[in-house]
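Everything quoted here is computed from the prediction, not taken from an experiment. Quick note: numbers below take in every heavy atom, side chains included, and nothing from hydrogens, waters or symmetry partners.
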Amino acid sequence: MNHIVCYQAYKTPHNVSLRRHLEIVERNQRCHDFMAAFNLTLASDPSTFILVGIPGLEAAHVWISIPFCGCYLIGLLGNFLVLFIVGKEQTLHQPMYLLLCMLAFADIAMSSSVVPKAVFIFWFNLNGITLAGCLTQMFFLNTVTVTQSAVLVAMAFDRYVAICNPLRYTIILSNARVAKLGLIGLIRALVIILPTPLLLSRLPFCDNRIIPQTYCENMAVAKLTCGDISFIRVHGLVIMVLVVGLDLTLIALSYGLIIRAVLRISSKKAHLKALNTCTAHLCVMLLYCTPSLFSEMTHRFGQGIAPHVHIILANVYLLVPSMLNPIIYGVKTKDLRDKMVQYIWRRGLCPSL
């Protein structure tokens, strides 16, 4: 009877306000039913995970997103500018700048694999991610990280040859040889990283599928499984010791030989010139290694450290180096700095010059 009355009232031309009210109620009900069905699908889907963001700081997510996005946008702008200038200028088509372009590509890929999803979490609370999406993000991020480490080794070798054996520099390091080194580094990363997501895709996951992170980190996802993750733990330690440890050893060896060669030079001016060519790379190495190693150690052994501290450090490792790399190399590398100033000034501020 009530439905008939409502229907008649709805059809009566004099009750426009009531008809409008019923339309709004009906539309809101449909929206509510849709969202309820959507949430039920997410809750019942065993392949869906929930990325919390930064636990304990959920109320400040919007404010945290401001420096988060700022670092990302500055990094994108700087790295794309480096790629554009090196690609445009024939005089910069040298092994050193080719390696710098590889590092810029890695920085763009690393930050872009994390930031878009994190922004959706911070702004819209869209924190669901499928198992396939989570494993893909994990694989892509780790592959880029290991490739980046190989590029840093190649850059240290480049500085060693340039300072210790400058007369044979063009023979030892050609553009083609540097490209092959980059390809070898990428293949090494693919072979090393692939076992972890493959194994995780075969393990059963427990009912708790909440990841206290802004992205799918290896151990955070592995801890949600109900199966044996001993291999994943060992595999992670092997990567940290053999890959990161070996790469850091090679970099330290290169710079040890560089310092020995520099100390043999009698001229103080030559000392400064030789060391100045390595300053940018050393700064970049500190930017990558310090937060990376601290984050890895606190995740595995720092049980007393607050979760939000670890997560913030992990995001600093992903965002800050990619933002500062173009600035460091732009300031410390004269040829690149001159070209950057030329493009920014003449084409940006004074196009008529």
Side-chain angles (χ1 to χ4, degrees), residues 75 79-80 82-83 86-87 92-114 136-162 165 169-198 218 235-258 278 280-293 295-296 317-318 321-322 324-326 328-329 333:
N79 284 298
F80 275 120
V82 168
L83 292 173
V86 174
L92 299 181
H93 292 181
Q94 302 172 25
M96 173 183 173
Y97 297 103
L98 181 58
L99 288 169
L100 187 55
C101 286
M102 291 181 186
L103 188 64
F105 271 119
D107 285 335
I108 293 170
M110 176 179 287
S111 57
S112 296
S113 65
V114 171
T136 300
Q137 184 189 52
M138 179 195 306
F139 172 74
F140 188 73
L141 181 60
N142 291 333
T143 300
V144 172
T145 303
V146 176
T147 304
Q148 195 175 59
S149 180
V151 172
L152 292 173
V153 173
M155 294 177 79
F157 180 67
D158 169 81
R159 293 300 84 205
Y160 162 74
V161 176
N165 206 344
Y169 179 82
T170 55
I171 299 174
I172 297 173
L173 281 177
S174 62
N175 287 344
R177 193 161 292 173
V178 169
K180 290 178 182 178
L181 288 175
L183 182 60
I184 291 171
L186 177 60
I187 294 173
R188 181 190 74 155
L190 291 172
V191 172
I192 290 172
I193 297 302
L194 191 58
T196 295
L198 285 179
N218 285 19
H235 184 248
L237 287 174
V238 168
I239 291 176
M240 188 170 64
V241 173
L242 293 184
V243 177
V244 179
L246 177 61
D247 289 352
L248 289 177
T249 301
L250 291 174
I251 292 170
L253 178 62
S254 297
Y255 277 98
L257 295 173
I258 288 172
C278 302
H281 187 236
L282 285 172
C283 292
V284 170
M285 283 299 306
L286 289 174
L287 279 174
Y288 279 108
C289 295
T290 305
S292 173
L293 290 176
S295 175
E296 187 69 25
Y317 159 65
L318 294 175
S322 64
L324 294 180
N325 282 349
I328 292 172
Y329 279 106
T333 309

Once you round to the nearest 0.5 Å, how far does [atom1] of [X] lie from [atom2] of [Y]?
X	Y	atom1	atom2	value
Thr143	Ile187	OG1	CD1	12.5 Å
Leu103	Thr147	CG	OG1	11.5 Å
Leu250	Phe157	CG	CZ	10.5 Å
Phe139	Leu190	CZ	CG	5.0 Å
Ile193	Thr145	CD1	OG1	7.5 Å
Leu98	Arg177	CG	CZ	13.5 Å

request  = Would you name the heavy atoms of Asp107 and Ser322 that are closest together and state the gap between them?
outcome  =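 Between these two residues, the closest heavy atoms are CB-CB, 3.4 Å.
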key: Residue pair Asn218 / Asn142, side-chain donor-acceptor N/O under 3.5 Å   =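 Yes, side-chain donor-acceptor contact under 3.5 Å.
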ask   = Asn165 and Tyr160: side-chain donor and acceptor closer than 3.5 Å?
value =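 No, no side-chain donor-acceptor pair sits under 3.5 Å.
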Side-chain donor/acceptor of [X] to backbone N/O of [Y], under 3.5 Å:
X	Y	result
Ser113	Met110	yes
His235	Ile192	yes
Asn175	His93	yes

inquiry  = For the OH atom on Tyr169, are there more than 12 heavy atoms of other groups (residues, nucleotides or ligands in this structure) within a distance under 6.0 Å?
reply    =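 Yes, enclosed.
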